[in-house]
Amino acid sequence: MKKVGVVGYGAYVPRFYINSIDVDKRSGRLGLSKKSLAAWDEDSVTMGVEAALLAMENSGISLEEIKALYFGSESPAYAVKPSSTIVADVLGVEKNYHAVDLQFACKAATAGLQMLSAQMYLNGGGCGLIVGSDKSQAKKDDVLEWSAGAAAGCLVVGRNKVIAELVSTTSVSSDTPDFWRRGGSSEPSHGGRFTGEPAYFSHVVMATKKLLKKVNRKPSDFNHVVFHMPNGRFPLQAAERLGFSEKQLSLGMRVVDVGNPYSASSLLGFISVLEKAKSGDLVLVTSYGSGAGSDSFCFLVTEEIKNYKRGFLEKMIKNRVRVTEKEYRDERRWK
Amino acid sequence: MKPYPAQVWRNNKERRRFLGVVGVVETFSVVKQGPKQLSNRPSYILAMVGLKNEKTLVQLVDVDASKVFVGMKVVGVLRKMHDVLKDELLVYGVKFRPVKL
Amino acid sequence: MEVSDVVVSGVGATKFGELWDRGFSDLVREAVGFALNDASLSIKNIDALVVGNMLLSQINNQAHVGAYAAESIGHKESSFTVEGACASGGLAIRQAYLMVKSGELENVLVVGVEKMTDTPIEEITTYLVGASSLREQFVGATFPGLYGLMQRKYIKEHGVDGDDFAYVSQKNHFHASKNKKAHFQREVSINQINESDMVADPIKLLHCSPISDGAAAVVLSGSKKPKKGEVLVAGSSQAGDSLSLSYRKKLTSLEATKKAYKSLVKDVGFLNEDVDLLEVHDCFSIAEVMALEDMGFCKAGKGLSLLKNGFGKLGSSEVVVNSSGGLKACGHPVGATGVKQVVEIVDQLKKRCGERQVKKPFLGITHNVGGTGATVVMHALRRAE
């Protein structure tokens with residue numbers, strides 16, 4: 001049976017960013033450096049389209065091959081009306097596909113990755129797209145504002161020309177109310193320090209340990225590890241507790257460039273790794289979604305990575321324009 | 001300019017037309033006071049962009065008006081065209097941004 | 001039916017401006033009153049009413065505008081509205097001209113009318129951009145934005161100084177200072193114009209015609225033998241071009257003006273040097289410059305230097321351009337403008353213009369444009385011999 005895995009990827013980071021220190025002078029405490037800013041006319045759909053178009057372009061897949069599109073976000077364009085169909089329609093995918101919209105705080109897309117992989121495994125031919133996209137919102141002067149960023153990632157999942165084989169995946173879940181947004185509110189609320197130990201760490205550590213056991217591996221076996229990045233400190237602490245090194249984390253630590261783009265966070269981290277990974281590399285990815293749960297993955301980078309068109313992400317992140325605090329406060333430009 | 005569902009749906013194919021297409025700015029102006037659906041937004045740039053066989057009127061994004069010049073290469077991207085009321089359908093379309101970021 | 005000559009038997013107009021105390025019907029009644037009086041006719045003598053209006057059905061949900069206007073003046077015979085954006089007035093004149101010329105109708109009343117100041121600025125901007133195409137509206141076009149594109153292209157193509165566009169408004173305000181019915185009656189200086197705020201870079205506030213209320217009316221009558229001193233509509237022409245700017249061959253001239261003028265010149269038989277008066281469509285300063293070039297008063301790109309050297313200015317020029325003050329200074333109630341242009345020429349030909357009277361007027365031309373040039377309608381008016 002042909003392996004299932006990542007066949008291609010794309011991502012989108014908006015053109016503008018602000019230094020976190022211009023949002024709040026204390027942001028350094030959380031290991032934050034920059035956060036991306038999406039313009040008022042951008043949203044999770046438009047960013048998702050950019051990431052998906054790039055994924056299609058770089059992987060060379062055709063529209064006819066696309067059998068499914070899963071869209072994960074916590075800032076969807078509509079409360080009710082799928083974004084997956086909008087993205088697929090803009091891409092040009094005709095009616096013969098399966099569209100799914102997902103919501104689970106910052107891990108909406110990784111849940112989609114699990115389900116789509118299973119679908120591809122069962123149904124053979126063609127491929128599917130996972131899009132994780134968020135234009136993160138936060139209440140004004142809330143600590144969340146220091147890191148709320150915007151970005152989108154897209155993974156193409158299939159069985160032909162796999163560049164990163166999905167070796168194994170597992171999940172943990174619980175009703176832990178650390179971060180939530182009620183319908184009708186445009187910004188989320190959270191439990192302050194409660195979002196740490198009982199929420200993020202508990203699930204990330206448990207899911208990762210569960211995965212390590214499942215694949216019978218130890219931390220040092222992995223070349224790279226990606227954890228969901230709500231800030232610049234939590235992933236480092238999780239790594240330390242689990243026995244991973246800072247070096248293993250380094251390729252995927254996108255939070256310093258974009259802040260926390262919620263559903264796109266671990267996706268972007270994983271894509272950053274794929275941009276530089278070598279054939280044979282073992283990669284561990286653990287996402288985290290508030291409310292709460294973690295999905296953990298073990299990927300094996302294949303020989304195919306040598307044939308894959310890489311290198312766009314670094315350029316995209318470099319070619320950005322810095323926004324001053326005054327420009328940032330003009331909400332008409334961003335909200 | 002209410003976005004009626006049938007009209008939005010019929011216009012869906014339009015938004016694929018110029019996505020990813022590269023053109024050249026032939027002339028432009030900077031609009032301060034837009035129509036109702038853009039009146040809560042900052043000034044924006046209207047440009048006549050030359051493509052292979054045609055010209056098209058578009059909005060330019062991701063660039064400051066002072067940096068726009070005749071001859072600038074621009075590419076089509078998906079964006080929200082304008083604001084809509086609370087219960088109205090969102091309207092997506094193509095705007096153009098500089099190729100060289 | 002035998003073809004008639006078309007005589008302008010009466011004209012009249014309200015003041016143009018922010019007329020808070022007068023609504024649509026009031027404006028119609030006032031202008032019509034002046035015109036009928038001037039024609040020594042009563043409403044009972046009118047065979048048909050043609051109304052030029054663009055916005056009433058959008059602003060007030062009042063369609064059937066011909067009937068609505070007719071009701072306000074007690075006319076029950078026949079009425080209809082003509083709409084061609086800012087050329088609605090000129091088109092209404094043309095319709096009436098054709099109706100009378102055909103010999104079918106004897107007296108046709110034309111009213112051009114617009115009530116624009118009840119709505120806030122962003123609403124009126126939205127309604128006005130209905131004169132462009134749906135797709136142009138979709139991408140956020142506004143009229144200053146569209147003409148701004150044209151002005152920038154013009155400046156680049158002809159290598160001119162953008163500051164020179166100020167000569168258009170300066171001249172038109174000078175003329176309007178002598179017109180008691182103009183929206184603005186004070187002069188403006190070149191500096192004031194160039195220092196005014198940007199509206200749609202490169203177009204500045206004082207390059208733009210204002211939002212105005214107003215109405216103008218004209219009675220056209222059939223005649224087998226026009227008397228000396230009467231004013232005739234010697235010719236009427238209309239030409240068009242694509243609605244969308246993106247399909248035009250050039251952005252720095254209006255093909256429709258060229259065609260309409262050429263056709264008018266051919267039908268009526270005159271030369272540019274015979275023209276004494278021009279009422280051209282200066283919705284924005286660039287529009288007047290293009291109009292003069294398109295009508296051949298100078299070569300393309302030379303319009304600005306022509307105006308800078310005093311062309312068109314009362315007292316300094318053989319031909320006076322926009323003696324009324326044009327759209328810029330007299331005001332631009334959209335549906336009324338095309339009719340007002342005719343009223344002005346007729347008043348000039350009948351030597352009723354007081355301080356702004358031109359010395360020996362014989363032939364006047366009106367030029368009315370819809371949108372960015374999809375519609376151009378022109379008329380030639382002269383004194384009967």
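Letters A, B, ... are given to chains in the order of the sequence lines, protein chains preceding strands, and every chain is numbered from 1. The basis for the numbers below is simple: all heavy atoms, side chains too, and nothing from hydrogens, waters or symmetry mates.
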Could you look at B/Ala47 and say if it's the side chain, the backbone, both or neither that has a heavy atom under 4.5 Å from chain C? backbone
Under 4.5 Å to a heavy atom of chain B? For C/Leu128 that would be neither
Measure the CE-CD distance between C/Met290 and C/Glu288 for me, rounded to the nearest 0.5 Å. 11.0 Å
Heavy-atom distance under 4.5 Å to chain C: side chain of B/Glu54, backbone, both or neither? neither
Do C/His183 and C/His173 pass the ring pair (Phe, Tyr, Trp, His ring centres under 6.0 Å) test, and can you show the C-alpha distance, the side-chain angles, and the key distance before you say yes or no? CA-CA 10 Å; C/His183 187 150; C/His173 270 263; 9.6 Å; no
For the side chain of C/Glu114 and the backbone of C/Gly335, is there at least one donor-acceptor N/O pair under 3.5 Å apart? yes
Output the distance between atom CG (C/Asp163) and atom CG (C/Asn194), rounded to the nearest 0.5 Å. 4.0 Å
Pair B/Tyr44, B/Val61 - check side-chain contact (heavy atoms from CB on, under 4.5 Å), show working. CA-CA 8 Å; B/Tyr44 56 94; B/Val61 292; over 6 Å; no
Is chain C contacted by the side chain of B/Val91, its backbone, both, or neither, given a heavy-atom distance below 4.5 Å? side chain
Can you say whether B/Thr56 sits under 4.5 Å from chain C via the side chain, the backbone, both, or neither, judging by heavy atoms? both
How long is the gap from CG on B/Leu85 to NZ on B/Lys36, to the nearest 0.5 Å? 8.0 Å
Counting heavy-atom pairs closer than 4.5 Å to chain C, which one of B/Asn11, B/Val31, B/Val94 comes out on top? B/Val31
Just how far is it from atom CG of C/Leu19 to atom CG of C/Asp118, taken to the nearest 0.5 Å? 10.0 Å
Measure C/Arg135 against the heavy atoms of chain B and call it side chain, backbone, both or neither at under 4.5 Å. side chain
Taking the side chain from C/His281 and the backbone from C/Val369, do they hold a donor-acceptor pair closer than 3.5 Å? yes
Counting heavy-atom pairs closer than 4.5 Å to chain B, which one of C/Pro120, C/Gly140, C/Pro202 comes out on top? C/Gly140
With side-chain contact (heavy atoms from CB on, under 4.5 Å) as the criterion, how do C/Gln151 and C/Phe165 come out once you've worked through the C-alpha distance, each side chain's angles and the decisive distance to 0.1 Å? CA-CA 9 Å; C/Gln151 182 165 319; C/Phe165 280 100; 3.6 Å; yes
If you measure from the Lys or Arg side-chain nitrogens to the Asp or Glu carboxylate oxygens, is any gap between C/Lys204 and C/Asp197 under 4.0 Å? no
Considering only heavy atoms and a distance below 4.5 Å, find which of B/Lys95, B/Met48, B/Gln59 pairs most often with chain C. B/Met48
Under a 4.0 Å N-O cut-off, is there an ion pair linking C/Lys250 with C/Glu157? yes
Heavy atoms under 4.5 Å from chain C: which residues of residues 70-81 of chain B carry them? B/Val70, B/Met81
Quick one: what part of B/Leu57 sits under 4.5 Å from any heavy atom of chain C, side chain, backbone, both or neither? both
